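See structure below.
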Amino acid sequence: MEGPSPSLAVLRDRPVWPAAGRRQSGGEAETDRDMMKHFRVCRFIMETGVKLGMRSVPVATACVLYHRFFQRARLQAYEPYLVAMSCVYLAGKVEEQHTRTRDIINVSHRYFNSGSVTLECDKEFWDLRDSVVQCELLILRQLNFHVSFEHPHKYLLHYLMSVKSLVNRHAWSRTPVAETSWALLRDCYHGAMCIRHTPQHIAIATLHLALDSYGVELPVGEREWWQAVK
């Protein structure tokens with residue numbers, strides 16, 4: 001099992017840049033430990049986003065930024081929680097829901113230290129803030145400033161509305177297909193699935209799994225339902 005999440009002091013003290021002599025390699029196969037680490041860090045992103053009042057799309061963008069970054073960089077070369085904090089900050093800019101670094105730092109501090117008080121604006125705080133800003137610039141350079149992404153959310157909404165019109169309204173109201181689909185979509189961002197498949201395919205897959213889980217039957221036609229609603 002992994003140990004506890006690092007404190008903010010650890011994030012501040014660990015260099016943003018990789019250690020000398022370490023070569024970055026995004027092509028290395030992920031280990032189970034790496035995947036578990038990414039899962040935990042993306043959960044941190046999601047919980048932080050909720051506490052900051054961020055919408056679902058900016059949170060999704062933060063997760064994609066995180067996965068894209070570590071697609072090109074070694075997990076061992078960078079502090080993943082610091083990268084995550086910077087991804088939240090950058091995602092707010094990209095999706096026009098700007099969030100102050102001070103708020104991100106304080107919410108993260110409470111995440112790592114439950115029940116703690118707000119950080120003072122002392123040298124420790126400003127050093128950490130500088131680390132977040134430096135890491136943001138690193139992410140931008142690593143991704144060649146390609147930080148706008150198309151998400152499955154709009155497609156899932158469209159598919160849900162189309163499928164709802166095909167299903168008996170009583171059967172639809174008895175099963176939480178929509179809620180389950182959105183929950184499955186959110187779970188896709190814990191891992192690299194969200195960057196390995198097209199947003200349309202992810203949306204269809206989550207809806208298909210939700211329908212199949214509750215045994216919701218759709219009218220049989222010449223084409224499958226996912227071909228009809230596209």
Side-chain angles (χ1 to χ4, degrees), residues 1-8 10-11 30 32-71 73 75 78-116 128 131-132 135-136 139 143 147-157 160 176 178-197 199 202-203 205-207 209-210:
M1 293 181 64
E2 292 190 61
S5 300
S7 67
L8 286 186
V10 173
L11 302 188
E30 283 189 333
D32 290 342
R33 180 179 290 273
D34 290 344
M35 288 188 287
M36 181 58 70
K37 171 63 77 172
H38 291 319
F39 180 92
R40 288 166 61 90
V41 177
C42 287
R43 186 173 62 186
F44 160 76
I45 291 175
M46 293 179 186
E47 292 185 18
T48 298
V50 169
K51 292 176 181 177
L52 290 168
M54 297 179 73
R55 301 186 301 270
S56 58
V57 170
V59 172
T61 294
C63 291
V64 171
L65 287 168
Y66 174 86
H67 289 300
R68 290 288 187 195
F69 178 83
F70 281 110
Q71 189 180 39
L75 179 60
Y78 301 94
E79 171 48 60
Y81 285 96
L82 178 59
V83 173
M85 292 167 65
S86 299
C87 287
V88 171
Y89 181 55
L90 179 55
K93 294 181 179 180
V94 173
E95 301 298 343
E96 299 184 353
Q97 192 181 5
H98 184 75
T99 305
R100 298 187 306 172
T101 51
R102 176 173 175 77
D103 293 334
I104 295 172
I105 290 171
N106 278 316
V107 168
S108 301
H109 177 67
R110 290 180 179 176
Y111 180 90
F112 296 129
N113 306 277
S114 180
S116 61
L128 181 55
S131 294
V132 172
C135 192
E136 178 199 13
I139 294 168
L143 301 186
V147 294
S148 295
F149 311 107
E150 187 178 35
H151 293 288
H153 297 66
K154 63 180 180 181
Y155 295 104
L156 180 56
L157 180 61
L160 279 168
E179 293 85 348
T180 303
S181 298
W182 288 114
L184 291 169
L185 176 58
R186 184 174 60 252
D187 288 346
C188 290
Y189 285 89
H190 283 88
M193 178 186 295
C194 61
I195 64 173
R196 291 176 179 165
H197 304 280
I202 293 174
T206 54
L207 178 53
L209 182 55

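Throughout, residue positions are numbered sequentially from 1 according to the sequence presented. Keep in mind the model is a prediction, meaning the values are calculated, not measured.
Donor-acceptor pairing under 3.5 Å is lacking for the side chains of Y189 and H67.
Although no hydrogens or angles enter the test, the distance criterion places a donor-acceptor pair under 3.5 Å between the side chain of R55 and the main chain of E95. Looking at S114, its side chain never comes within 3.5 Å of a backbone N or O of R110 through a donor-acceptor pair. Looking only at distances, no side-chain donor or acceptor of T206 sits under 3.5 Å from a matching main-chain atom of L185. A donor-acceptor pair under 3.5 Å links the side-chain atoms of N106 to the main chain of R102, judged by distance alone.
Counting only heavy atoms from C-beta outward, the side chains of F44 and Y66 never approach each other to under 4.5 Å. Under the 4.5 Å side-chain criterion, counting only non-hydrogen atoms from C-beta, L65 is in contact with L143. Side-chain contact between C63 and M46 is present, with at least one heavy-atom pair separated by less than 4.5 Å.
A salt bridge does not link K37 with D34: every distance from a Lys NZ or Arg NE/NH1/NH2 to an Asp or Glu carboxylate oxygen is 4.0 Å or more.
In the displayed structure, M193 atom CE is contacted under 6.0 Å by at most 12 heavy atoms of other residues, nucleotides or ligands.
The minimum heavy-atom distance between P152 and P199, with the atom names listed, is CB-O, 3.3 Å. S108 approaches M85 most closely through the heavy-atom pair OG-CG, 3.6 Å. Scanning both residues, F70 and L75, for their nearest heavy atoms gives CE2-CA, 3.6 Å. Across A91 and A62, no two heavy atoms sit closer than the pair CB-N, 3.5 Å. For the pair L160 and S181, the tightest heavy-atom approach, listed with the atom from each and the gap, is CD2-OG, 4.1 Å. Here the shortest heavy-atom pairing between C194 and I202 reads CA-CD1, 3.8 Å.
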Check the pair K93, E136 against side-chain contact (heavy atoms from CB on, under 4.5 Å), reporting the backbone distance first and the verdict last.
-> CA-CA 11 Å; K93 294 181 179 180; E136 178 199 13; 2.9 Å; yes
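Ring pair H153/W182 is tilted by interplanar angle, where 30° to 60° counts as tilted.
Here the CG-NZ distance, from D103 to K51, works out to 13.5 Å after rounding to the nearest 0.5 Å.
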